[in-house]
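Here is the structure we will look at, set down as structure tokens.
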Amino acid sequence: MIALAIAQQTIKEAFRRRVMWIFLIIGVFLISLGPVFGFLTPRDSQTVLRSLGLAAILLAGLFVTIVTCIYLIPAEIERRTIYTVLSKPVQRYEFVLGKFLGGFATVFINIAAMGVVFLAMIYFQERRIPAEMFKGVMLTFFQMMLLAALTIFFSTFTTPVVNFFLSFGIFMIGNLTTVTESLTTKSNPLVRGVGTLVHYLLPNFGNFNIQNSIIRPQIEIANEQVFLRNNILYAIIYSSVLLVLAILIFDRREV
Amino acid sequence: MAAAISIRGLTKKYVDVWQKQEVIAVNNLSLEVEEGEIFGFLGRNGAGKTTTIKMLLGLIFPTAGDATILGKPMGDNQVKQEIAYLPEETYFYDSMTGWDLLDFYARLFRIPEPERSRRVRMALEKVRLQPEAWKRSIRGYSKGMRQRIGIAQALINDPKLLFLDEPTSGLDPIAHAELRDIVASLKYEGKTVFLSSHQLADVEMICSRVAIIHKGKLLRTGTIKELISGERTEITVQGKELQNGMLAKLQAIVPEVHMDGEDTLRLTSDDSERVAAVIDLVRGAQGKIISIVPHKRTLEEVFVETVRKEDNTI
Ligand SMILES: Nc1ncnc2c1ncn2[C@@H]1O[C@H](COP(=O)(O)OP(=O)(O)O)[C@@H](O)[C@H]1O
Ligand SMILES: [Mg+2]
């Protein structure tokens, strides 16, 4: 399949970018600091290791995802490699699909690498791997996959610099799920309108943060399986919509 | 012979949003390229060559007009099986080796192994890239080696029709000559080549037909023979009397008169009757004819003349 060949090429190129490695290494470094911090703080070292680790994966994952996905398509245009690819029997949708798959795989490899280090740390300290930590890493991956889809989608019509702030900004707003949700019930119609639009249109990145369930116990606990499944489905469906939109835009784009 | 490329009224306008200016990169271009010929597409920088090729490949979309490539509408995905494109100044995926790069492109044609390896090897041999370099990363390649890889990727599908955009620009003389010969050899394999270039000596050597495009407009098209036909003759004459009145008389016959020192004149004309008239006049005035040298016109002269004439009429 052509899209897979493009995806594979995309992964190779992504892993050759130094900036991605920098964020990955920072992530792994922060995670491995967990036991040290746990040792130094009077608080429960288990909680420190867990929350620091998940936060490090999220933060490093965030930068890895954005700096990688911003360039997947623009780099091909800048270096004119896209001309040689699209003048071969490659449909534009196959190219975009390949970029999405390649981007997802790159993000997956990064999160998985950090996840392995993180879970190893936990095992080292607790002699077991609690299921919720594994689920936490998994949810972070789906959150980053959604972010990757958003960033690649924007890259079909914005410059990398604009895209950086756009993706970053939307990730921030999307993380304020509780705030945007509360806006949807405000009495001022303008605030309510904008709030509803933002809440339902922008991706709800906040839903993926497992720590949130501590802040908002009312949501979490109804059923953990359903919570997980819904979030994963949400990431997949939202990303698929972005993929379709990206294809529609890229189809009309001059390269 | 059938037309490999048939272009009808192709037009591309770019609108500069900031300056509200319109650039007509390609202006109502109509052209036929026959199967099996090496067709030279000539123009200065910015003439519209690359824009035309990119439209033909469906990378950008025309403002007006259309074209068929091997009988199919331009940009058609199926026809891409049989065509190839070497863009100008491509950087390729330069952390890959030459071999891996070609393997990747071959996969885009769904060519399975072991046929794929065979094709890669053939293409690399054809462009005469030294085998030591096959498994080295492209980053360390010279410009000439990159251009060889560029042509190799264009040959990977054994195409019927190749679009080569300035393949020999910026190369050293040896690489230049070798690549030009490789392009020339494609003709003997029955391939059609659409060669964009401003290297007129190359074009004159390897192309059968050419088109001259300037500021997006097609100025001339024809075989090289047609374009450079008509000899020019350069006459050098000498005589003390030449300057008094003689100059004006000569200029009335041939406008192109150059003074070469005190008593020597150089005249050029492509009309044999005028040449004869000049000779008669000089002999009658006791002048001396130093030399009469017929010159074959070069494509470069024709090109410069054609483009200058167009610029002056605007
Ligand atoms: N994307 C673009 N936007 C605006 N103008 C362009 C664009 N691409 C090309 N042009 C203009 O179109 C003209 C033709 O360019 P091009 O086809 O690249 O010329 P050539 O390949 O013959 O050197 C030039 O004046 C160039 O500035
Ligand atoms: Mg050009």
Side-chain angles (χ1 to χ4, degrees), chain A residues 1-21 68 71-99 101-103 105-106 156-159 162 247-255, chain B residues 12 14 25 50-51 53-63 69 74-97 100-111 116 137-139 149-154 156-157 159 161-163 165:
Chain A
M1 200 175 140
I2 297 297
L4 289 183
I6 307 261
Q8 197 185 339
Q9 176 66 19
T10 301
I11 299 166
K12 277 192 204 163
E13 287 295 307
F15 274 86
R16 274 172 194 132
R17 300 237 354 263
R18 207 168 291 148
V19 58
M20 190 216 78
W21 283 102
T68 301
Y71 282 110
L72 294 183
I73 292 175
E76 299 258 2
I77 295 173
E78 205 172 286
R79 295 196 288 172
R80 305 185 198 218
T81 43
I82 195 165
Y83 300 160
T84 50
V85 172
L86 291 185
S87 61
K88 310 255 185 284
V90 174
Q91 304 269 21
R92 285 181 177 222
Y93 77 83
E94 292 174 307
F95 181 80
V96 176
L97 178 61
K99 288 291 160 194
L101 294 178
T106 307
T156 57
F157 59 92
T158 59
T159 62
V162 172
I247 287 171
L248 291 176
I249 292 171
F250 194 70
D251 227 28
R252 287 160 181 73
R253 162 129 192 222
E254 304 210 313
V255 293
Chain B
K12 180 69 185 177
Y14 285 110
T50 301
T51 305
I53 295 178
K54 281 166 75 176
M55 281 193 280
L56 295 178
L57 291 162
L59 296 169
I60 58 176
F61 312 113
T63 313
I69 309 289
M74 61 182 164
D76 181 270
N77 204 49
Q78 209 124 60
V79 85
K80 291 182 191 166
Q81 291 282 357
E82 300 185 306
I83 64 177
Y85 175 35
L86 171 63
E88 55 180 341
E89 289 174 38
T90 307
Y91 299 94
F92 296 112
Y93 303 98
D94 62 3
S95 47
M96 294 177 95
T97 66
D100 287 347
L101 183 79
L102 294 191
D103 184 72
F104 166 66
Y105 284 124
R107 285 174 64 194
L108 299 183
F109 285 99
R110 301 172 172 81
I111 301 171
R116 202 159 72 223
S137 105
I138 295 173
R139 192 171 295 135
I149 277 289
I151 294 183
Q153 65 81 28
I156 203 80
N157 58 321
L161 168 63
L162 294 95
F163 294 88
D165 198 352

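Computed from a predicted model, the values in this text were never measured in an experiment. A note on names: the letters A, B, ... follow the listed sequences, proteins ahead of strands, and every chain is numbered from 1.
Here the OH atom belonging to B:Tyr14 is positioned 5.5 Å from the CD atom belonging to A:Glu254, to the nearest 0.5 angstrom. Atom OG1 in A:Thr84 sits 7.5 Å away from atom CG in B:Leu101 (nearest 0.5 Å). Distance check, rounded to the nearest 0.5 Å: OH of B:Tyr105 to OG1 of A:Thr81 gives 6.0 Å. A distance of 12.0 Å separates OG in A:Ser87 from CG in B:Leu56, rounded to the nearest 0.5 Å.
Interface residue A:Arg92: only side-chain heavy atoms are found under 4.5 Å from chain B. Looking at B:Glu88, the atoms closer than 4.5 Å to chain A (heavy atoms on both sides) sit in the backbone and in the side chain alike. With a 4.5 angstrom heavy-atom cutoff, B:Phe92 touches chain A via backbone and side-chain atoms both. Contacts between B:Asp94 and chain A at a heavy-atom distance below 4.5 Å involve backbone atoms as well as side-chain atoms. Within the 4.5 angstrom heavy-atom criterion, only side-chain atoms of A:Glu13, from C-beta onward, approach chain B.
If you tally non-hydrogen atom pairs under 4.5 Å between each of A:Met1, A:Gln9, A:Arg253 and chain B, the highest count goes to A:Gln9.
Contact detail for B:Phe61 and A:Asp251: the closest heavy-atom pair is CZ-O, 3.6 Å. Heavy-atom minimum distance, A:Val255 versus B:Ile60: O-CG2, 3.5 Å. Closest of all the heavy-atom pairs between B:Tyr93 and A:Val85 is OH-CG2, 3.5 Å. Nearest heavy atoms, B:Ser95 versus A:Arg16: OG-CD, 2.7 Å. Considering all non-hydrogen atoms of both residues, B:Phe109 and A:Pro89 come closest at CE2-CD, 3.1 Å.
A distance-only check finds a donor-acceptor pair linking the side chain of B:Lys80 to the backbone of A:Leu86 [under 3.5 Å].
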> Yes or no on side-chain contact (heavy atoms from CB on, under 4.5 Å) for A:Lys88 and B:Gln153, after CA distance, side-chain angles and deciding distance?
Replying inline: CA-CA 10 Å; A:Lys88 310 255 185 284; B:Gln153 65 81 28; 2.6 Å; yes
> Does the side-chain contact (heavy atoms from CB on, under 4.5 Å) test come out yes or no for A:Tyr83 and B:Thr90, once each step is laid out?
Replying inline: CA-CA 9 Å; A:Tyr83 300 160; B:Thr90 307; 5.8 Å; no
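Salt bridge B:Arg110/A:Glu94: present, at least one basic N to carboxylate O contact under 4.0 Å.
By the 6.0 Å contact criterion, CD on A:Glu78 is open, its count of non-hydrogen atoms from other residues, nucleotides or ligands being 12 or less.
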